[in-house]
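Right, one structure below, let's go through it.
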Amino acid sequence: MKFSKAYEPNQYEPDIYALWEKSGAFHPTTDKNAKFYSIVMPPPNANGNLHIGHGLTIALEDILTRYHRLKGENTWYIPGADHAGFETWVVYERYLESKGKTRFDYSRDELYDQVWEFVHQQRGNMELQLRSLGASCDWDSLTFTLDPKVVERVYATFQKMWNDGLIYRGKKLVNYCTKHQTAFADIEVTHKEEQGTLWRIAYPLVEPTAELKELVVSTTRPETLFGDTAVAVNPADERYKTIIGKNVKLPLTDREIPIIADEHADMSYGTGVVKITPAHDPNDFEVGQRHELAQITVIGFDGRMTAEAGDDYAGLTTAECRKKALADLEKQGLMRGEESITHSVGHCYKCDTVIEPLLKEQWFVNLQPLAKRAIKTLEANEIRFHPANKKKVLINYLKNIRDWNISRQIPWGIPIPAFVNAEDSTDWIFDTRVDETEITVNGKKYLRDNDTFDTWFSSGQWPYITTDAHPEFYPSSVMETGADLLFQWVGRMIMLGLYITDDIPFKDVYLHGMVLDEKGQKMSKSKGNVINPIELVSEYGSDALRLGLIASRSAGVNQAFSTSKVIASRNLCNKLWNISRLIQQLVDDNPTEETKPELKNYGENWICHQINQASREVQKLLDRYRFAEAGDLLYDLIWNKYADWFLESQKLWKNIPLLKSTLEQILTLLHPFAPFVTETIWQTLSWTTGMLITARWPRAYKVDSQRVADFEDLIAIVTNIRSHFQALPGANSYPILFHDDDLVSDNQLLIQHLTKAPCVPQVEQSKVDGLRLAIPNHHNIYLQIPADIHAKYKASLEERILKLGQEITTLEARLANPNYLEKAPTALVEESRLSLHAKQKLLADMKAELELI
RNA sequence: GGGCGGUUAGCUCAGUUGGCUAGAGCGCGUCUUUGACGUAGACGAGGUCAGAGGUUCAAAUCCUCUACCGCCCACCA
């Protein structure tokens with residue numbers, strides 16, 4: 001007897017995981033006759049700790065992996081670790097700051113080496129945490145996003161794009177965080193609705209006319225005025241027609257700038273005049289291109305005003321400059337009012353600094369052709385989405401896709417393999433000798449681009465890079481990741497996958513929603529409401545966390561974390577443990593020959609039917625990614641069916657071979673969801689061999705369906721009796737009598753056992769006395785209760801007669817409807833008829849009963 | 001401005017070709033030391049499925065509108 005009274009996960013989990021790992025069960029098989037099933041894990045940050053979202057990710061992916069492994073498929077769950085370029089860099093820069101250093105104290109190569117070292121010290125934590133979550137992934141295949149094979153593929157892709165003309169170097173406005181000193185892709189900028197001020201500033205005409213002395217522009221960013229190179233009016237705007245082409249004086253400077261006509265100016269907005277600052281506003285940049293305006297950069301990459309802003313302002317921060325400029329304008333009498341407005345402002349998603357649109361030369365990818373192909377593929381339904389509507393959302397995004405800035409000004413990442421001619425800044429060449437800061441090609445000196453790739457440029461290629469050792473696993477079976485990464489990651493993997501491999505990168509996409517805190521708030525370090533999955537594992541067990549996380553959660557929906565669901569799941573594990581404990585006891589006490597299980601009585605047929613059905617349902621549900629429903633179903637099977645009815649009845653019969661067999665099946669069915677407790681039990685039971693992780697999904701039992709239906713009746717009878725015992729005043733149990741009922745006759749002992757009734761004798765019909773039970777198909781069962789108590793039962797009987805009457809009326813009305821008879825499926829109509837007859841018979845019995853009282 | 005969702009029991013949520021009496025967990029009430037489990041067992045209460053209209057033999061489910069809540073995208077000076 002090795003089963004303790006309660007299941008204590010901590011005591012077993014590490015050993016069980018080690019056992020799996022050592023056995024080689026995580027390695028992929030390559031049996032040509034079996035299906036191939038693969039999941040590429042979204043690589044967690046190598047440098048970080050796992051958060052609760054990873055708990056969900058691993059739960060979902062590992063359930064699928066283990067399920068398919070049990071089904072005998074070639075299964076490969078590929079783990080990864082992400083260098084997480086910017087994320088990690090932010091952490092490291094903070095560390096530098098704490099040491100009183102900055103990035104400018106070191107060369108790029110020095111910094112790269114330092115971060116490598118830093119990450120290396122941290123790495124391993126994350127992997128241990130994945131183990132404690134039970135991820136059955138193939139550790140030998142772990143890919144780090146800076147592994148040479150990744151870098152090679154990324155370079156090959158970059159070169160292919162370069163050759164195909166999809167990559168270009170352009171000086172454009174990029175989203176720049178002046179604190180982190182790097183550019184971002186558009187998608188990485190967080191937009192927030194903010195209160196701002198719209199100032200109206202007068203720009204005096206150089207040649208004032210009688211009716212017009214100045215143009216009043218509206219702006220939320222007066223500090224950019226120093227970079228204005230025009231003011232624009234709408235070409236159709238009658239107010240300004242005559243002055244187009246004339247000049248205005250740019251306040252606070254001695255420059256004059258032209259008045260141009262451009263559709264961008266909205267006649268109905270403010271005065272209809274807009275200042276044009278091509279170097280600091282995306283719209284104005286476009287206008288500037290159309291009109292060949294100069295681009296004057298007045299804000300530097302450090303967030304301070306440049307010399308172009310003039311001696312009085314150079315060196316000020318943008319905020320200081322705004323204040324001073326407004327004051328100076330006021331002094332000069334050029335302010336024409338202000339109003340408060342709400343507008344959307346871009347922020348750095350890490351430090352919340354306002355993102356500056358700044359002119360910078362960067363590498364861009366023209367995504368149009370890739371997006372076009374992706375849209376075609378999606379519209380042809382070649383990739384299935386869960387939830388399905390996310391496909392539409394992605395298509396909508398791809399239709400409006402813009403060029404992707406892939407340059408990052410941070411040292412931690414894959415260096416961009418490009419060099420520029422020292423003599424000619426337009427002469428760029430592709431070369432992978434990124435370890436050298438300068439190279440010589442054809443006698444010319446070329447200097448290295450010091451930028452690195454956007455992390456997503458490499459992660460976007462993850463599926464085919466990670467599966468290259470076993471190409472038969474590509475495309476992967478499903479990409480499971482957070483719904484928030486739909487554009488950033490999933491969309492790019494599809495585009496790049498199609499581009500590079502000419503194939504989809506995965507067949508299905510499953511997107512999970514965010515795990516919110518218990519109050520439904522987004523978790524964040526600053527709010528202090530972060531839930532640590534590893535702490536939950538140590539408190540409740542890994543299985544409980546997994547089951548608790550998937551409970552009541554559906555694809556794509558953000559949902560609060562619920563401790564009570566984790567506790568309920570822990571209780572299920574304990575229940576299963578005790579089920580096993582009881583069965584092991586029975587096995588120990590009743591030594592039998594090892595024989596095939598035979599189904600003898602009603603309950604045995606019934607439970608085997610329930611297991612068959614659950615097995616079928618779970619397969620159906622998992623094939624459709626309905627994790628929560630599958631979990632619920634197994635909870636119900638194990639607790640409400642197996643333990644409460646089957647095991648209770650087996651205390652009488654003790655069909656040892658069947659107890660063993662059914663327990664094995666149940667353990668197998670639950671294994672994908674709760675791998676630790678099921679394997680622990682498997683390893684503890686005296687008769688099981690091998691490991692559950694590599695067992696096979698159970699085969700269906702052959703059952704007698706009449707017996708199954710009969711046992712359902714028995715359940716109804718027992719429940720009805722228990723209900724009476726509870727509801728009737730007086731003693732809490734009474735003898736049960738019956739006549740002419742084979743089912744009850746066959747199961748007298750069982751009914752007695754389950755109801756705790758003193759006895760269940762068969763009697764002559766004439767001698768029957770007592771309360772008659774109202775059970776469909778079983779009208780001859782009675783409770784022998786004293787007359788006075790019987791009388792008290794009258795009221796409840798009348799109530800039920802009334803209710804039954806209503807049900808009968810509804811059914812009669814339905815069956816009297818010719819349209820129903822004609823149009824509803826015949827099986828349904830037949831069912832209604834049967835139901836009506838049963839109820840009518842029952843009603844008659846109950847009425848007779850009432851007369852007797 | 002464009003797009004996508006949500007509103008079901010006290011709480012958190014399931015409910016995907018429309019079809020028996022709308023489910024679960026937690027919570028709540030009553031009872032129970034029955035050969036594993038009190039992290040338990042038994043029984044029970046609790047819902048006009050946001051509102052209005054429509055389609056249908058039949059609507060929580062499909063359509064329209066309304067109200068409230070949310071998310072994403074967008075270059076709103």
Side-chain angles (χ1 to χ4, degrees), chain A residues 3 5-7 173 186-187 191 198 217-221 232 264-266 269-270 272-277 281-286 341-344 357 387-390 392-393 396-397 400 402 483-484 486-487 513-514 518 520 540 544 548 551-554 556-565 567-586 589 624 626 628-629 631-632 635-636 643-644 647-648 651 718-719 722-727 732 753-756 803 807 810-811 814 817-825 827-829 831-832 834-835:
Chain A
F3 284 97
K5 197 169 171 188
Y7 174 59
L173 277 185
D186 296 329
I187 198 174
H191 290 273
L198 188 65
V217 304
S218 302
T219 181
T220 52
R221 305 205 55 197
H264 168 60
D266 179 351
Y269 192 94
V273 185
V274 57
K275 69 193 221 32
I276 302 297
T277 322
D281 180 281
N283 276 320
D284 295 2
F285 179 83
E286 306 269 318
I341 55 156
T342 321
H343 61 154
S344 166
N389 73 300
K390 295 288 179 189
K392 276 196 289 181
V393 177
N396 185 49
Y397 170 76
N400 300 304
R402 291 186 295 163
D484 52 328
L486 180 61
F487 304 150
M514 241 181 296
E518 299 242 21
Y540 301 104
S552 290
R553 199 176 285 276
S554 49
V557 179
N558 295 346
Q559 210 208 299
F561 175 79
S562 160
T563 306
S564 75
K565 291 207 161 108
I567 291 173
S569 306
R570 178 209 48 189
N571 295 354
L572 176 68
C573 294
N574 188 57
K575 187 78 184 178
L576 187 61
W577 180 258
N578 277 288
I579 286 169
S580 309
R581 184 169 175 232
L582 173 63
I583 292 175
Q584 182 66 60
Q585 270 176 28
L586 295 173
D589 297 347
R624 289 155 60 214
R626 319 284 299 191
E629 283 164 76
D632 249 21
Y635 184 101
D636 180 59
D644 290 348
L647 269 193
E648 278 309 316
K651 285 176 182 172
V718 168
T719 305
R722 284 167 168 171
S723 173
H724 279 107
F725 285 175
Q726 178 85 8
N732 53 27
H753 171 70
L754 293 175
T755 58
K756 305 294 162 215
K803 205 177 149 203
E807 285 169 21
T810 310
L811 278 174
R814 191 180 296 168
N817 182 342
N819 280 323
Y820 177 69
L821 300 179
E822 194 186 318
K823 293 184 182 173
L828 202 67
V829 175
E831 224 175 274
S832 302
L834 286 174
S835 170

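Each chain gets a letter, A, B and so on, in the order its sequence line appears, and its residues count up from 1.
- Place A824(A) and K392(A) on RNA chain B by their nearest nucleotides, and K392(A) ends up nearer the 5' end.
- Spacing between C65(B) and G29(B) at atom C1', rounded to whole Å, works out to 43 Å.
- Across the protein-nucleic acid pair, L754(A) atom CG and G41(B) atom C1' stand 12 Å apart, rounded to whole Å.
- Residue R402(A) comes nearest to D186(A) through the heavy atom pair NH2-OD2, 3.2 Å, listed as atom of the first residue, atom of the second, then distance.
- One cannot find a donor-acceptor pair under 3.5 Å joining the base of A42(B) and the side-chain atoms of E648(A).
- Comparing atom distances between the A643(A) side chain and each of C37(B), A36(B), U56(B) picks out A36(B) as nearest.
- Here the separation of U66(B) from C20(B), taken at their P atoms, is 32 Å to the nearest Å.
- Across the interface with RNA chain B, nearest-nucleotide mapping of N396(A) and T719(A) shows N396(A) to be the residue nearer the 5′ end.
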The contact string for nucleotides 24-31 of chain B, one letter per nucleotide 5' to 3', using protein heavy atoms under 4.0 Å with B, S and - for base, sugar-phosphate only and none, comes out as SSS---BS
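- Of all non-hydrogen atoms in V718(A) and L754(A), the two that sit nearest each other are CG1-CB, 3.9 Å.
- Looking at heavy-atom distances under 4.0 Å, F285(A) makes no contact with the nucleic acid at all.
- With P as the reference atom, C28(B) and G70(B) are 31 Å apart, rounded to whole Å.
- Among the atoms of the strands shown, only primed sugar atoms or phosphate atoms (P, OP1, OP2) are found under 4.0 Å from some heavy atom of S554(A).
- Relative orientation of the W577(A) and Y7(A) rings is tilted, given thresholds of 30° and 60° on the angle between their planes.
- For E629(A), whose side chain is taken as the heavy atoms from C-beta onward, the closest listed nucleotide among G15(B), C73(B), A36(B) is G15(B).
- In this structure, NZ of K823(A) is placed 4 Å from P of C57(B), rounded to the nearest angstrom.
- The shortest side-chain heavy-atom distance between L828(A) and Y820(A) falls under the 4.5 Å cut-off.
- For the P atoms, the distance from C4(B) to C62(B) is 15 Å, rounded to whole Å.
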Given Watson-Crick or G-U pairs with both distances under 3.5 Å, what dot-bracket string fits RNA chain B, with | for other-strand pairs and [ ] for crossing?
(((((((..((((.....[...)))).(((((.......))))).....(((((..]....))))))))))))....
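- Rounded to an integer number of Å, the gap from K651(A) NZ to A36(B) P is 6 Å.
- Residue P825(A) is classed as a base contact, given a heavy-atom separation below 4.0 Å to a base.
- The 12-atom threshold is exceeded at NZ of K756(A), counting heavy atoms of other residues, nucleotides or ligands nearer than 6.0 Å.
- Spacing between U7(B) and A50(B) at atom P, rounded to whole Å, works out to 7 Å.
- The two residues C573(A) and A544(A) have their closest heavy-atom pair at SG-N, 4.4 Å.
- Contact annotation for N574(A): base contact, defined as any heavy-atom pair under 4.0 Å involving a base atom.
- Summarising the geometry, the separation between CD on Q559(A) and P on G6(B) is reported as 14 Å, rounded to the nearest angstrom.
- Side-chain contact between E286(A) and H264(A) is absent, with no heavy atoms from C-beta onward closer than 4.5 Å.
- Comparing the C1' positions of C26(B) and A9(B) gives an interatomic distance of 12 Å, to the nearest angstrom.
- Rounded to whole angstrom, the span from the NZ atom of K575(A) across to the P atom of U39(B) amounts to 12 Å.
- At whole-Å resolution of the value, CD1 in I567(A) and P in U39(B) are 11 Å apart.
- Side-chain atoms of S723(A) never come within 3.5 Å of backbone atoms of T719(A) as a donor-acceptor pair (strictly under, hydrogens ignored).
- When the C1' atom of U12(B) is taken as reference, atom CG of N558(A) falls 15 Å away, rounded to whole Å.
- At the heavy-atom level, R722(A) lies under 4.0 Å from the strands shown only through sugar-phosphate atoms.
- Straight-line distance between the C1' atoms of U56(B) and A74(B): roughly 42 Å, to the nearest whole Å.
- Whole-Å rounding puts the I579(A) CD1 to A40(B) P distance at 12 Å.
- Residues L582(A) and K651(A) meet the side-chain proximity criterion, which asks for heavy atoms closer than 4.5 Å.
- Panel note: side chain Q559(A), backbone G513(A); no donor-acceptor pair is recorded below 3.5 Å.
- At the phosphate of A42(B), neither OP1 nor OP2 sits under 4.0 Å from any side-chain N or O atom of S723(A).
- Heavy-atom minimum distance, N574(A) versus K5(A): OD1-O, 4.4 Å.
- Here the nucleotide nearest the side chain of K5(A), chosen from G5(B), G19(B), G38(B), is G38(B).
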Between the protein and nucleotides 75-77 of chain B, list every N/O to N/O distance that falls short of 3.5 Å.
| residue | atom | partner | partner atom | Å |
| --- | --- | --- | --- | --- |
| C75(B) | OP1 | R402(A) | NH1 | 2.8 |
| C75(B) | OP1 | R402(A) | NH2 | 2.9 |
| C75(B) | O2' | N283(A) | OD1 | 3.4 |
| C75(B) | O2' | N283(A) | ND2 | 2.2 |
| C75(B) | O2 | N283(A) | OD1 | 2.2 |
| A77(B) | N6 | D266(A) | O | 3.0 |
| A77(B) | N6 | Y269(A) | O | 3.1 |
| A77(B) | N1 | D266(A) | N | 2.9 |

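- D266(A) is not listed as a side-chain neighbour of V274(A), based on a closest heavy-atom distance of 4.5 Å or more.
- K575(A) and D644(A) make their closest contact through NZ-OD1, 4.4 Å (heavy atoms, listed as atom of the first residue, atom of the second, distance).
- The P atoms of G10(B) and G47(B) are separated by 7 Å, rounded to the nearest whole Å.
- Pairing each heavy atom of G270(A) with each of S218(A), the nearest pair is CA-OG, 4.4 Å.
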